[in-house]
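Remember, predicted model here, so these are calculated numbers, not experimental data. Throughout, protein chains are lettered first and strands after them, A, B, ... in sequence-line order, and every chain is numbered starting at 1.
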Amino acid sequence: MQRYLTRWLDIPDLRRIEVYEAHGGYGALRKALFEMTPEQIINEVKNSNLRGRGGAAFPTGVKWSFIPKDSKKPVYVCCNADESEPGTFANRYELENDPHAIIEGILIACRAVGSHTCFVYMRGEFFTQKQIFETALGEARARGYVGADVMGSGFGVEITVHRGAGAYICGEETGLLESLEGKRAYPRNRPPFPAIQGAFGCPTVVNNIETLSNVPHIIARGAEWYKTMGPASSPGNKLFCLSGHINKPGLYELPMGFALKDLIYEVGGGILDGRKLKAVIPGGSSFPVFTAEEAVKVNMDFDSVRAAGSLMGTAGVMVMHDGTCMVEVLRTVAHFYHHESCGQCTPCREGTGWIEKLLIELEAGRGRTEDLQTLLSVATNMEGNTICVLADSLSMPVKSFIPKFRAEFEEHVRLGCCPFKEDGATPHATGGGDGVAQTPAAAPNRLSAQSTDTDAEADN
Amino acid sequence: MDQHQNGFDPAAVAAIGSRLKDRPGALMLILHEIQDRFGYVPRGAAPIIAQALNLSRAEVHGVATFYHDFRHQPPGRDVIRLCRAEACQAMGAVALAEHVRGRLGVEFGETTRDGAFTLEAVYCLGNCGCSPAMVLAGELHGRVSLARFDELLAERKEGRR
């Protein structure tokens, strides 16, 4: 398997421009500027069938082709560096280790759509990453890759970094645009789509970091090379973020379509403490959960995961073993979406709150069986009734957790407590005799006192 | 990021406003600068910014309170941000949160009585491979066990002397 997104594992100091250049860096930009027309760039990316890595999987070349060719207004490129989906950390590694690939991708995208300005919208939590990226940007500017005259071509591009301020909704592209304009990040109704009316009322392309860092490799080596990796419908390699109850959590570059079973048991070294797999969230916290039986049959590409009833999203794969309380997990998911609902649409603002409240009660053993029906009904009424998909991002987990782990929810009601808590304030569970009061071991806290390292393994 | 001047200085806010007011998306940039400088966005800043940008105070207040990162009270000298999302939770973030609250004697969103630390919750720091994660004084730490937290806290207190 060839690795191109995580070359930094083989090339020390790839983040420095002289090292990046020595390994072919900015060669794709040269080709895009001097050997290709903007149409050819768009066609090459279209041909490669690169699909957006931010979660929506929209074909990137097609998105670029929506930008009007004869726009009287300026055209903007926005790099979405607001990676905030819980369980996802690919962009953080890319910013830290290969910032020039992102910059080169941005410059090629600008050339393709005729933009002279790129805004990089970076989440506030990425303070170190912002410094690293801006250092790289300074290097690129000093070498003439960024500025009024890119590589002497006469084509100018300025790139500026904007900081987010801890709002998940800014990862939604129109929320991002509002925030960029200095407003509350209320997502916009579409149409008009950003390609027609995006940032500051001008045509805008919004691309994720990982999408953009694929672009230089496609331009340098061609769409045909790109299509040799992964399935035809979603080719290329993908950065998988593996976390949770797994022996070797971390970031792994693998071809699209990689079997989830192998990701967990081969690459990830299996389940922590030799326990049994219980569930997997395949794409970040907002997508339907897989049971262990479903998970081992799925291949990780956009269409296969969709066909199996979930979505690949950002490929934030969260693994849970048999000591996990699914009610508690869902409560955590619900708390997050309630906390992050922007408050613009009533079904989402109220619905996420109701769902969280019901789940707090259920997890504490104070719920009723009817609450499960109420949860499903609230979730259904949120779906599709809001401007953006944040409501769906909670509705999907609710509508998969409850049917797939219904017995566990009902057990909380029957016992009047959480069966997974070791100290469990368990007023009603002492009766025994009914055969259900067995207490699984409490979720273990594997707390190694070792290093504080923030590096994940990626020894695929 | 936690080095800042305490105390609200209207003239400094006005200067930040007039320096940045013509940049695209100025309001966010201005709020960030103010928080970098003072550690929070003082209540009295809103009318000054509103004037600089020709916005209503309500608009400025709306934006300043929309984003979780903007504080409205001065923080402690160091800010501790604990991740409370699913991956960290799977690896012991709940126990860690208990421990930290006990150690510091504060709830999330509060500052210790000596003004040393403010405890904040955060949802995903993008360090899920090394859960549980936290940020202490602008630095990201992974695999934070209870003992490791105590160590880091002690180091930080030590370093300050």
Side-chain angles (χ1 to χ4, degrees), chain A residues 83-89 91-92 119 124-128 162-168 179-185 199-200 241-245 249-251 281 285 316 318-320 324 328-329 332-333 335-336 339-340 342 443-457, chain B residues 1 23-32 35-36 53 55 59-60 62-70 81 83-96 120-133 135 138-149 151-152:
Chain A
E83 177 177 62
S84 334
E85 181 75 24
T88 309
F89 45 90
N91 293 171
R92 185 170 73 77
F119 301 107
E125 286 82 351
F126 283 175
F127 37 86
T128 320
H162 280 245
R163 270 192 288 173
Y168 169 77
S179 182
L180 186 69
E181 294 180 6
K183 298 185 251 173
R184 283 177 286 185
F200 308 102
C241 313
L242 197 54
S243 69
H245 297 137
L251 184 70
I281 301 177
S285 73
M318 288 191 266
V319 178
M320 288 165 267
T324 309
E328 192 184 359
V329 175
T332 306
V333 173
H335 175 71
F336 176 73
H339 185 256
E340 297 298 343
C342 79
N445 307 318
R446 191 187 68 146
L447 297 171
S448 56
Q450 45 170 304
S451 67
T452 58
D453 76 5
T454 50
D455 285 316
E457 296 171 47
Chain B
M1 74 179 290
R23 297 265 299 274
L27 182 50
M28 286 289 279
L29 305 179
I30 290 171
L31 290 170
H32 269 300
Q35 175 144 315
D36 287 348
L53 296 180
L55 293 172
E59 283 167 304
V60 174
V63 173
T65 52
F66 181 85
Y67 295 93
H68 306 302
D69 282 2
F70 294 132
R81 313 185 81 193
C83 176
R84 309 191 73 192
E86 297 79 0
C88 284
Q89 184 177 298
M91 301 303 287
V94 177
L96 180 64
E120 292 180 349
V122 60
Y123 298 90
C124 204
L125 291 161
N127 197 33
C128 318
C130 301
S131 301
V135 172
E139 203 176 322
L140 178 63
H141 298 274
R143 301 194 179 112
V144 182
S145 64
L146 309 190
R148 181 65 192 148
F149 174 79
E151 230 173 272
L152 288 167

Give a yes or no on whether the backbone of Ala90(B) and the side-chain of His245(A) come within a donor-acceptor separation of less than 3.5 Å.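 Yes; at least one donor-acceptor contact below 3.5 Å.
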Say whether, by atom type as modelled, one donor and one acceptor occur between the side chain of Arg92(A) and the main chain of Gly126(B) under 3.5 angstrom.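 Looks like yes, one N/O pair under 3.5 Å.
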Contact class of [X] relative to chain B, heavy atoms under 4.5 angstrom:
X         : answer
Ala199(A) : neither
Glu83(A)  : neither
Met318(A) : side chain
Glu85(A)  : backbone

So which residue, Ser285(A), Cys342(A), Ala185(A), Ser84(A), ends up with the most heavy-atom pairs under 4.5 Å with chain B?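 The option with the most such pairs is Ala185(A).
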Under a 4.5 Å heavy-atom cut-off, does chain A meet the side chain of Leu96(B), its backbone, both or neither?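 Neither part, no heavy atoms under 4.5 Å.
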Given a strict heavy-atom distance threshold of 4.5 Å, which part of Val60(B) is in contact with chain A: side chain, backbone, both, or neither?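 Looking at Val60(B), nothing touches chain A.
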List the atom of [X], the atom of [Y], and the distance in Å for their closest heavy-atom pair.
X         : Y         : result
Ser243(A) : Cys128(B) : CB-O, 3.4 Å
Phe200(A) : Pro24(B)  : CZ-CB, 3.4 Å
Tyr67(B)  : Ser179(A) : OH-OG, 2.9 Å

Report the C-alpha distance between Glu86(B) and Thr332(A) in whole Å, list the side-chain angles of each, state the deciding distance to 0.1 Å, and finish with yes or no for side chain to side chain donor-acceptor pair (under 3.5 Å). CA-CA 7 Å; Glu86(B) 297 79 0; Thr332(A) 306; 5.9 Å; no
In Å, rounded to the nearest 0.5 Å, how long is the span from [atom1] of [X] to [atom2] of [Y]?
X         : Y         : atom1 : atom2 : result
Arg163(A) : Asp69(B)  : CZ    : CG    : 9.5 Å
Phe89(A)  : Leu125(B) : CZ    : CG    : 12.5 Å
His32(B)  : His162(A) : NE2   : NE2   : 10.0 Å

Mind checking what makes ring pair (Phe, Tyr, Trp, His ring centres under 6.0 Å) contact with Tyr123(B), not counting sequence neighbours?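 Only His335(A), Phe336(A), His339(A) meet the ring pair (Phe, Tyr, Trp, His ring centres under 6.0 Å) criterion with Tyr123(B).
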Top of His68(B), Glu139(B), Glu59(B) for chain A proximity - count of heavy-atom pairs under 4.5 angstrom: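 When all of His68(B), Glu139(B), Glu59(B) are compared, His68(B) has the most.
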Side-chain contact, heavy-atom cut-off 4.5 Å: Leu27(B) with Lys183(A)?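 With C-beta onward as the side chain, the pair stays apart.
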